[in-house]
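Heads up, the thing below is written out as structure tokens.
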Amino acid sequence: MTDAKKRIFTGLQSSGQLHIGNYFGALKPFLDSYQNFDSFLMVADYHALTSLKDPVAVRESIYNVVRDYLAIGVDPSKAVIFQQSRVSEHTELAWILECLVSVSMLELGHAYKDKVAKGLEANAGLFNYPMLMAADIILYDTDIVPVGADQRQHVEYAREAAAKFNIAYGKTFVEPKELIADSVAIVPGTDGKKMSKSYGNTIPLFGTREEISKAVMSIVTDSSGERPEHVYAIHKLFRAEEELAPIYEANKGKYKALKEALIEDIDAFVAPMRERRAAITDEEIKHIIAEGSEKAKAIASAKMADVRGKVGVTLL
Ligand code: ADP
Ligand code: TRP
């Protein structure tokens with residue numbers, strides 16, 4: 001780490017099979033910038049326990065999320081990739097922060113509120129989720145937290161928790177800022193609406209050629225305009241518009257041919273990632289996580305020694 005580099009920290013929770021919307025909206029902006037920072041990527045396995053109860057699924061999600069990041073090209077020697085549960089200081093600091101913030105603040109937390117609004121019972125872990133996330137972030141004196149818009153409140157809560165601690169016990173934590181890529185366009189799905197796993201309109205990022213073909217062939221086209229807009233909107237993510245112009249000109253009205261051209265371009269783009277993903281072994285992932293967790297632990301334990309002293313539990 002050079003002194004000039006700011007520290008970024010983000011947490012990864014497996015969100016199932018990634019689609020090209022996730023890639024252009026979340027993964028690519030991270031990939032393009034992480035080397036300019038002192039970067040930490042944490043697998044939020046304890047956060048995952050708020051919803052996953054099957055140990056096999058938990059274990060699989062840990063491997064999967066690391067595999068996804070390595071497959072898109074994150075270089076593990078340029079970012080500290082680690083596992084939350086291996087650094088016990090996270091849950092320890094979360095407790096201390098919980099003793100500083102009010103129940104009414106946590107009651108306004110989106111994840112908890114949404115669950116309750118649906119008439120579902122929320123577990124206490126979900127209620128406390130934002131303070132575990134605050135601990136994740138502030139233990140490392142994080143400057144910037146790149147996240148999706150849905151995580152904005154959580155980063156605000158982390159900032160608030162850091163400020164509360166600093167006021168109560170003296171300046172200890174950096175107050176982190178969220179980095180939300182508003183400029184990233186929303187990638188449309190096969191029906192023209194926002195691509196989202198909950199709408200079933202996705203093109204899988206690591207899909208086989210057959211899966212990509214099936215998704216592209218299902219893109220809704222309408223014959224009113226000059227070109228099939230839903231096809232074009234996705235195509236321009238993969239090829240410059242100047243290059244697309246002659247292809248779309250030559251194939252006016254030939255939707256099948258245009259879809260085939262799109263399949264070619266997506267497949268050419270995805271193939272190296274798909275191959276890389278398939279080649280990454282569990283052993284490699286374990287090794288990367290073990291190394292990263294050791295680095296994280298060294299930072300976190302020094303910070304917690306300071307925190308324990310400040311709150312008064314260290315005997316003098
Ligand atoms: P989904 O909508 O499929 O459930 P998630 O909510 O898990 O996706 O999103 C994970 C990340 O990917 C978020 O940072 C989100 O902003 C980004 N993302 C998801 N869908 C799109 C999209 N269609 N266009 C751009 N970014 C997206
Ligand atoms: N809550 C985040 C999500 O669902 C994951 C997460 C956990 C996280 N700890 C974090 C993100 C710390 C950024 C920083 O995506």
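Residue numbers count from 1 along this sequence. The structure displayed is predicted, hence computed values, not measured ones.
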With the side chain counted from C-beta on, respond yes when [X] and [Y] share a heavy-atom pair under 4.5 Å apart, and no when they do not.
X    : Y    : value
Q151 : T10  : no
E260 : K256 : yes
F206 : I72  : yes

Between [X] (side chain only) and [Y] (backbone N and O only), is there a donor and an acceptor less than 3.5 Å apart?
X    : Y    : result
T314 : G309 : yes
E243 : A240 : no
S293 : A290 : no
E294 : E291 : no

Aromatic centroids of F24 and F238 separated by under 6.0 Å: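 Between F24 and F238, which both carry aromatic rings, the centre distance is below 6.0 Å.
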
Partners passing ring-ring contact (aromatic ring centres under 6.0 Å, His included) against Y169 (at least two apart in sequence or in another chain):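 Partners of Y169 by the ring-ring contact (aromatic ring centres under 6.0 Å, His included) criterion, ordered by chain and then number, come out as F165.
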
Side chain to side chain contact (heavy atoms under 4.5 Å, CB included) involving K252 - partner list, sequence neighbours excluded: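 Once residues adjacent in sequence are excluded, the partners of K252 under the side chain to side chain contact (heavy atoms under 4.5 Å, CB included) criterion are E226, E249.
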
Audit row: S88, K297, side chain to side chain donor-acceptor pair (under 3.5 Å) steps and yes/no: CA-CA 8 Å; S88 53; K297 180 91 186 173; 3.3 Å; yes

Aromatic ring pairing F82/H90, orientation class (parallel under 30°, perpendicular over 60°, tilted between):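 Aromatic pair F82/H90 classed tilted.
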
Y140 and F40 aromatic ring geometry - parallel, tilted or perpendicular at 30°/60° bounds: tilted

Could you pull out every donor-acceptor pair under 3.5 Å between side chains of residues 94-117 and any protein atom, sequence neighbours left out?
| from | atom 1 | to | atom 2 | distance (Å) |
| --- | --- | --- | --- | --- |
| S102 | OG | S104 | OG | 3.2 |
| S102 | OG | M105 | N | 3.2 |

